[in-house]
2 protein chains.
Amino acid sequence: MAGRTDSRPTMDDIAAAAGVSQMTVSRVMRGTGQTSQEVRQRVESAARKLGYVPNRLATALRDETAPLIAVVLPTLGNRVFSEVLNGVHATLAGTGLQPVFGVTEYSVDQEETLVRDLLSWRPRGIILPGLEHSDATRAAIRASGVRVAEVMDIDGEPISVAFGLSQSAAGRATARHMLSKGYRRFGYIGSQGGLDLRAVKRFDGFRATIREAGAQIVAERVLPGASSMTDGRRETAAMLSAQDPPDAIYYSNDDLAAGGIMHCLAEGIAIPAQVALAGFNGLAFLEALPVRLTTIETPRLQMGVQAALHLIGQDKDDADTSAPRIVDLGFRLIDGDTC
Amino acid sequence: MAGRTDSRPTMDDIAAAAGVSQMTVSRVMRGTGQTSQEVRQRVESAARKLGYVPNRLATALRDETAPLIAVVLPTLGNRVFSEVLNGVHATLAGTGLQPVFGVTEYSVDQEETLVRDLLSWRPRGIILPGLEHSDATRAAIRASGVRVAEVMDIDGEPISVAFGLSQSAAGRATARHMLSKGYRRFGYIGSQGGLDLRAVKRFDGFRATIREAGAQIVAERVLPGASSMTDGRRETAAMLSAQDPPDAIYYSNDDLAAGGIMHCLAEGIAIPAQVALAGFNGLAFLEALPVRLTTIETPRLQMGVQAALHLIGQDKDDADTSAPRIVDLGFRLIDGDTC
DNA sequence: TTGAAAGCGCTAACAA
DNA sequence: TTGTTAGCGCTTTCAA
């Protein structure tokens, strides 16, 4: 009905309908500058009548940046990252900024492609998981000048600012706790075939502490792909049915550990008398289990919130000139009933 | 270093560096038209050297549409929607389309604002949850001319195409199953304070079937906000400790129902002898529980996949001229051990 | 095979 | 208080 070609109405169309210049429409729409009451009403009613929807692409092109925050996630199949994303989203709500996201499936190569892709939208900022990125990724980010925040991990050198926790320290804390309870023969069940670098760091810390204490890791199983409670149950069953099974199992996350609990409940295996268990994350659903899992609580929502706040916060120059910075959001060991 | 102002290099900068026209750079970048081997290499190396990242905002403005698929979700706090989003994302991977999402928190008003917001990016398509939308939302979508897909529900009149299942039929199927096992006194535990319209439809179907059979619903509890396993455990405990408790409980989702199982396990309540339970969704983690929950399996990933395929599929005119259409992806009752 | 011109819809800067 | 001009970076169209 309106529009020069046949597409959606533009400010020109509204201007024509309201009998004013296009610039006046722009001013009314943004509520900037001085506009007379009367003109304003004419414009607004014309806009409503024509069903005007602003074209942000034009504004963003003009501004040389889009009101977007790019979010890179390892996967969508893990609640942990939904929670981070949720923190970002909630923080952005009402700021006029939209989150755009992409998923790497834990691949550094995919991250590289994805980051280039996301940067082509000229976002205001970008959030990356972890501190390990390819040189090309770092270069692209630096060249683009976007603001960056890294989340989850703080063991390493951030591009700009990292909001997270020491994965290595979390692994060590878990090991110390289990050692203090007298366990000496440990098993480990992980996932993502070693691609989850945070899990690797945790296990490295765990293993080092175990060895320093003269105890040992007698069984180790890393699943190739994603992990679930069902996997945890199956792998626990397998590990405990082997010869000389461990007397304590460390899992790379709560889902796997909860599967271990389920196995024990179903088979009548006493926890922690026959086998002790520990997880990682402190997910909410653990509270509902009949047995309270010993685990590490992580600030998932907070990592998203802080990263988003950082990106929308201080002025840009500040960020550019300041040296890489680490914000340790910490973790808390939840001393449950499983070890 | 490059760029007319001081920002990122543009095609003009590469053109200057390679000694060709800007148009030639454009052609090389997109691999269209004829370009000589030699020019192509000069351009490509200049682009690499300058760290060129295309500006999609310009392309999208020119094209009058951005390579985006907008996804509206009720919440990020429920795995169900992460799974739908995952289906969308996986389907879009490699097509050059990016998902942009927003969250309504089950509010029709927020949906209205969000849809306008998302449409201002001129996306190629939009995915909405459910069939209930405000008139303004429908109008904005129609006026924009974007392709639409609605997911989750098929009980109603779609804007264009709906991919989902009959929520009402799912509720009725659950009721019939429970009635067939001889239960007569039912309880219901829901969440989102009645804002989750799909849950309301399920319960309506459930209730109608129960009443038709002359049985009754003796207890009903709808939590105001989001639901979790912990809520389910607590509410189950409360419902069972009341006078004349129900002999069977229907939950609006698996998380709540799993909480019910946990309560029974912890308290030594026999399932289904003392109380029968049924959930909804068929989430993967149920397999790991010591007791197999009776529930309804829903095609969550498929809803995302099909919706995305539809939006990137057929040509536009096709979609515009065709009447509203429903694609019933069905559901499956999982006959577990809890009723 | 390459280039020049025009314009997508919007806003900053300046003019009236 | 309102309008005019120029241009953001790209691609379509037409010309060389």
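A donor and an acceptor atom, one from each side chain of A:T104 and A:S107, are nowhere located under 3.5 Å apart. For the residue pair B:R116/B:S120, the side-chain donor-acceptor check at 3.5 Å is not satisfied.
Nearest-nucleotide positions on DNA chain C for B:R62 and A:V53 put B:R62 closer to the 5' end.
Comparing the axis of the opening five pairs of the helix from C:dT1-D:dA16 to C:dA16-D:dT1 with that of the closing five pairs yields an angle of 40°, rounded to 10°.
Within the structure, side chain to side chain donor-acceptor pair (under 3.5 Å) pairs that include any residue of residues 71-81 of chain A comprise A:R79-A:D255 (at least two apart or interchain). For residues 154-163 of chain B, no pair satisfies salt bridge (charged side-chain N to carboxylate O under 4.0 Å, His left out), with sequence neighbours left out.
Applying the salt bridge (Lys or Arg N to Asp or Glu O under 4.0 Å) rule to B:R56 yields the partners A:D117; only residues at least two apart in sequence or on another chain are considered. Residues passing the side chain to side chain contact (heavy atoms under 4.5 Å, CB included) test with B:T65, sequence neighbours excluded: B:D63, B:R124. The salt bridge (Lys or Arg N to Asp or Glu O under 4.0 Å) search around A:E132 returns A:K201, not counting sequence neighbours. Applying the side-chain hydrogen bond (donor to acceptor under 3.5 Å, both in side chains) rule to A:R42 yields the partners A:E38; only residues at least two apart in sequence or on another chain are considered. When the side-chain hydrogen bond (donor to acceptor under 3.5 Å, both in side chains) test is applied to B:E112, the partners found at least two apart in sequence or on another chain are B:S134. A search for side-chain hydrogen bond (donor to acceptor under 3.5 Å, both in side chains) contacts involving A:R300 returns A:E83, A:T298, not counting sequence neighbours. Contacts of B:A66 classified as side chain to side chain contact (heavy atoms under 4.5 Å, CB included), with partners at least two apart in sequence or in another chain: A:L57, A:W121, B:A60, B:L68.
Rounded to an integer number of Å, the gap from CZ of B:R56 to P of D:dC10 is 12 Å. Following rounding to the nearest Å, B:R122 (CZ) and C:dC10 (C1') show an atom-to-atom distance of 11 Å. Taking atom CD of residue B:E64 and atom P of nucleotide C:dC10, one finds them 11 Å apart after rounding to whole Å. In this structure, the CG atom of B:D63 is 12 Å from the P atom of C:dG9, given to the nearest Å. Rounded to whole angstrom, the span from the CG atom of B:N55 across to the C1' atom of D:dG7 amounts to 14 Å. Whole-Å rounding puts the A:L61 CG to D:dT11 P distance at 12 Å. At whole-Å resolution of the value, CG in A:D12 and P in C:dG7 are 12 Å apart. The CG atom of A:D13 sits 11 Å away from the P atom of C:dC8 (whole-angstrom rounding).
Taking every side-chain heavy atom of A:R30 into account, C:dT11 is the closest of C:dC10, D:dC10, C:dT11.
Residues of residues 14-29 of chain B having a heavy atom closer than 4.0 Å to DNA chain D, listed by number: B:Q22, B:M23, B:S26. For the segment residues 34-42 of chain A, the set of residues with a heavy atom within less than 4.0 Å of an atom of DNA chain D comprises A:Q34, A:T35, A:S36, A:V39, in numerical order.
A sub-4.0 Å separation between OP1 or OP2 of D:dC10 and a side-chain N or O of B:Y52 is present.
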